A.B. asks: 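Pasting a structure here, questions to come.
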Amino acid sequence: MTIKEIQDEIVEEFSLFENWMERYEYMIELGKTIELISPSNKTDSNLIKGCQSKLWLHAEVLEGKVFYTTDSEAIITKGIAAILLRAFSNQTPLDIINSDVKYIDEIGLKEHLSPTRANGLVSMLRQIKYYALAFSKKE
Amino acid sequence: MTIKEIQDEIVEEFSLFENWMERYEYMIELGKTIELISPSNKTDSNLIKGCQSKLWLHAEVLEGKVFYTTDSEAIITKGIAAILLRAFSNQTPLDIINSDVKYIDEIGLKEHLSPTRANGLVSMLRQIKYYALAFSKKE
Amino acid sequence: MEFDINKIREDFPILNRKVNGYPFVYLDNAATSQKPKTVIDSLVDYYSNYNSNIHRGVHTVSQEATDAYESARQSIQTHFNAKYSHEIIFTSGTTHSINLVANGFQSLLNSGDEIIISGLEHHSNIVPWQMMCEKNGALIKVIPMQESGELNFSVFEKLLSNKTKLVFVNHISNALGIINPIKKIIDKAHEFGAVVLVDGAQASSHLKTNLQELNVDFYTTSAHKLCGPTGVGMLYGKEKWLKKMPPYQGGGEMISSVTFEKTTYAELPHKFEAGTPNIAGVIGFGEAINYLNKIGFDHIKNHETSLLKYATKKLKTIPNLKIYGDSLNKTSVISFNVGEIHAYDIGSILDKFGIAVRTGQHCAQPIMDYYNISGTVRVSFSFYNTTKEIDHLYKSLLQAITMLS
Amino acid sequence: MEFDINKIREDFPILNRKVNGYPFVYLDNAATSQKPKTVIDSLVDYYSNYNSNIHRGVHTVSQEATDAYESARQSIQTHFNAKYSHEIIFTSGTTHSINLVANGFQSLLNSGDEIIISGLEHHSNIVPWQMMCEKNGALIKVIPMQESGELNFSVFEKLLSNKTKLVFVNHISNALGIINPIKKIIDKAHEFGAVVLVDGAQASSHLKTNLQELNVDFYTTSAHKLCGPTGVGMLYGKEKWLKKMPPYQGGGEMISSVTFEKTTYAELPHKFEAGTPNIAGVIGFGEAINYLNKIGFDHIKNHETSLLKYATKKLKTIPNLKIYGDSLNKTSVISFNVGEIHAYDIGSILDKFGIAVRTGQHCAQPIMDYYNISGTVRVSFSFYNTTKEIDHLYKSLLQAITMLS
Ligand SMILES: Cc1ncc(COP(=O)(O)O)c(C=O)c1O
Ligand SMILES: Cc1ncc(COP(=O)(O)O)c(C=O)c1O
């Protein structure tokens, strides 16, 4: 599936919920299901700056596609990270560079991607794109 | 005349005026008539601090009475200084210590004796009392 | 005046707002306080009716502004019972106040001199001394904290010696709310001839401090913590010390005479108030002090103590909830965690219920290191909070725990 | 938008008041500006609706406050055309900004290095360098002024050498209103590898400065001079220099990690914004910048220039009136004396007619020494002043002269 298709799928899933509590519960669930960063990659250099809870991001390329793994001490941060990686992991660098994150607004979690929020997710998103850019240059 | 009597006299003189302009003109006139500090007493140690224009005050005792002389670069400051000295000069230290300056309010020049005003008159008033106090201790 | 909580809440416009559909419950008072209308009005009045630069101005409006500014200084002097009004220096806040003193003592201390800092300090109270010590070679000793959140006084006594030149301790710890035994600390330090600075940022909204009785050498606070505006604070210093310290910043106001060869500094307090001050802020600061005194610090204390008891009792019924600094000797702050749940998660969910709390390290990383945690959830009450708000906190917290477990 | 002076005056509540029975005529704009309602409202809105401490807060209101604070930074960045928003550091005012740089360069300069200061400086721009030079042994050279109030550029060129590390000059002189040729000064100084700080406190209410085009290294201003609140200002610095300078104050916000052994500083701009900033002030600062841009700097310049011309012409008809800095190259400031009459006396009488002017040295004693005078009467116009007000000034001045002669 393309990034856009996955994003649409996520928006559809979230559209079933009636209130923020159901949305949060689902997001937290998603956080529990993602493939976690391997402990050996939980290094200081993979730490994202500017968050109250530790948040790690690792990236590698396999057959032209970028695979990201993550983990966070905070379960909400992890949930949103999961929703980001579901769309961006396992995609080509170019597709990642050209994508947007409007779907986060649409599923009612916009506040977590505010540039001034101390959860590091904006930095993580930037980092996701930097990795894609770096890998795209290598090819 | 006692300080109080002089002050009452001054209040009476000023009560003739109809507006601030007449009062100011009279006050400026008074400034021109006072006995000035002798040039040799225009020393740095006789300078009053905290004023935009230089203001000097000198004091000496003659036969148990304190005589003050003053001068200022600013003619308004000099005028008010004159009104102060007319009441306080040539009086005994004790009388000076026990006197007040309500008459300045009554003649409508209160603003010039505001503690935050940069004309030094409040400091001068304090200095007048300090001299009186110092001389009273000597006796 | 009687203490009528409903009336008091009407004084604070912000308490009417909603957050995420719920009435706003503000429990982040240790970060900054809300502002009563009278303080806001004092700013509007200043800017609408007598805004002007102060001192040296001969015109009426400048006089009015100067008088209001200086009368705020007097209100604050009276409130804290300082000996002279020129011992009250206006700064941009506690951080600025402490840096001013650290800068002042830089040239007064020598290599090998020691300064003692409490282990409960806010960053503002650590970093300036580290910066100072880098420059003059003085050494920092730390009074360790204990599990209860209180300082270990007997270690403090052992740290003191003739080498001790300065002691720095906050009146109340912002992370835990612990009230430090500052009178004991001051007296003990003075036996060794050490100078004592007390950081009152967290204290001055909760209690009235009598500086002369305390005999403290320096005391600091920020207006924004006590119902006043942002960008203004106070440094109290004994005249003797303020005279000894060199000025911190150069500029207008603090000068008596300037040539390119030589500058003579002005007298106190102007020596330390370089440049155009936060005139509106100072006026609002004075108004805030007056407002708090009108409410009455006895009332404030009573009400806050009962809120703290009520909330502590309720929160303690929650399984796995651990309160840090669970001492009786504290102001209305509760710093806690629940099991393995991250503070950030709890804070985020509480926000969804309209409740504002602080999460994280609270600028006090050394305390977090002591407990070996990455942060806490901190709820901090003010006199305008209610037990009803605590009930909402309790219920919301239970929901959050369910969602996050 | 058209420039309708009557409409603009309605924006400023204070212009409705009376002083000593006369309509208030405010001609002390160089000391501080008056505030439009929109700026006052932005403060009320902040305190009434979303007051909270910023950064690190997870709750909604803290987010709102943080967003407003950071969006003010962006407005200001855009206005001054800085390359990065983190090159805009919020301070408590120009004096603070300059002290921050002086402190930062203390360890970057060595004994024997030279700094060049213009002879037109405000005290804020002299004293911090004197204090710095006392510590690091650098030397101060002064660009002399000329009778016209302008700097002697050819002497400046001669002062420059490879020893020159820093050049400090104000954009516009507060005592005389002279606009300095800063672009020429910057380019020339850069030829010698010197860093240039321009003090824009007097400039930013009159003209729009393009920092990248100017290629200046540091630029400062105070919000209160440009229709903004008191207690807040800006330091612009090129990223390169801000990174090189050590932090000025220690405290919260400027820290990335603290232990008692070692502290790591946060990134720009936080490294220089220790402690709780003047949140309301910054928001009001941003609003002031937006307001001025809505009026339009072209309109402001046109109107102020015509006021200056009108007033200069009228005042020059008065016998014995001498204008200091009588250059065409200036903003709307007229600094003058009349014969032997003391400035204080003129200021006091004008006040009686409801007119606010400044008298004295204007924090610029070296300029007074140059002209060998104890002070001047300074009238300074803003875009909300009118020719009618100048007529009232002229008539009142004539009366004052009569009374005082
Ligand atoms: C040219 C100049 N520089 C610096 C300052 C100092 O600004 P502030 O008092 O806002 O720190 C002023 C204002 O008086 C000024 O006119
Ligand atoms: C104990 C303590 N000290 C110092 C500070 C710093 O105060 P400010 O940020 O107002 O400078 C705070 C506030 O966060 C505090 O709680």
Side-chain angles (χ1 to χ4, degrees), chain C residues 13-14 17 19-20 31-32 34-35 40 43-44 47-49 51-53 56-61 92-93 95-96 99 123-124 126-128 130-131 140 142 222 224 229-232 249-252 255 258-260 263 274-276 278-281 344 347-348 351 356 359-360 363 365-366, chain D residues 13-14 17 19-20 31-32 34-35 40 43-44 47-49 51-53 56 58-61 92-93 95-96 99 123-124 126-128 130-131 140 142 222 224 229-232 249-252 255 258-260 263 274-276 278-281 344 347-348 351 356 358-360 363 365-366:
Chain C
I14 203 176
R17 79 167 271 182
V19 167
N20 293 322
T32 198
Q34 294 305 337
K35 319 304 172 200
I40 304 172
L43 305 177
V44 174
Y47 287 124
S48 306
N49 296 313
N51 168 65
S52 169
N53 216 323
R56 291 181 319 253
V58 304
H59 59 83
T60 301
V61 184
S92 61
T95 300
H96 178 188
N99 278 275
H123 290 170
S124 298
I126 301 174
V127 183
Q130 291 180 324
M131 288 165 68
I140 295 179
V142 181
S222 299
H224 74 90
T230 57
V232 59
Q249 302 202 116
I255 295 304
V258 175
T259 65
F260 279 102
T263 287
T276 304
N278 188 348
I279 305 169
Y344 177 83
S348 299
D351 177 50
T359 62
C363 290
Q365 201 172 315
Chain D
I14 203 174
R17 77 167 273 182
V19 167
N20 294 322
T32 198
Q34 294 305 337
K35 320 303 172 200
I40 303 172
L43 305 177
V44 174
Y47 286 124
S48 308
N49 297 312
N51 167 66
S52 169
N53 216 323
R56 291 182 319 256
V58 302
H59 59 82
T60 301
V61 184
S92 60
T95 301
H96 178 188
N99 278 275
H123 291 170
S124 297
I126 301 174
V127 184
Q130 290 179 324
M131 286 164 69
I140 295 178
V142 181
S222 300
H224 75 89
T230 56
V232 59
Q249 303 203 116
I255 294 303
V258 175
T259 64
F260 280 103
T263 288
T276 304
N278 189 348
I279 305 169
Y344 177 83
S348 298
D351 177 51
R358 189 119 313 216
T359 62
C363 289
Q365 201 173 316

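Convention: sequence-line order gives letters A, B, ...; per-chain numbering from 1. Computed from a prediction, not measured in an experiment: that's the story for all the values here.
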A.B. asks: Counting distance only, does the side-chain N/O of C:N99 pair as donor-acceptor with the main-chain N or O of D:Q249 below 3.5 Å?
C.D. replies: no
A.B. asks: Roughly how far, to the nearest 0.5 Å, is the OG atom of C:S348 from the NE2 atom of D:H59?
C.D. replies: 11.0 Å
A.B. asks: Checking side chain to side chain contact (heavy atoms under 4.5 Å, CB included) against C:H224, which of D:I279, D:N278, D:T276 comes through?
C.D. replies: D:T276
A.B. asks: If you count heavy-atom pairs under 4.5 Å between each of C:I14, C:T32, C:V44, C:T359 and chain D, which one has the most?
C.D. replies: C:I14
A.B. asks: Taking every heavy-atom pair that is under 4.5 Å apart, which of D:V232, D:I40, D:V61, D:N51 has the most such pairs with chain C?
C.D. replies: D:N51
A.B. asks: Which one wins on heavy-atom pair count under 4.5 Å against chain C: D:P229, D:S48, D:G347?
C.D. replies: D:S48
A.B. asks: By a 4.5 Å heavy-atom criterion (distance strictly below it), what part of D:V19 contacts chain C: side chain, backbone, both, or neither?
C.D. replies: side chain
A.B. asks: Please report the interatomic distance CG(C:N20) to OG1(D:T60), rounded to the nearest 0.5 Å.
C.D. replies: 4.0 Å
A.B. asks: How close do D:R358 and C:S52 get, counting heavy atoms only, and between which atoms?
C.D. replies: NH2-OG, 4.2 Å
A.B. asks: Quick one: does any side-chain atom of D:T230 pair with a main-chain N or O of C:A280 as donor and acceptor, under 3.5 Å?
C.D. replies: yes
A.B. asks: Using 0.5 Å steps for rounding, measure from the NZ atom of C:K35 to the CG atom of D:L43.
C.D. replies: 12.5 Å
A.B. asks: Please classify the contact of D:N49 with chain C as side chain, backbone, both or neither, using a heavy-atom distance under 4.5 Å.
C.D. replies: backbone
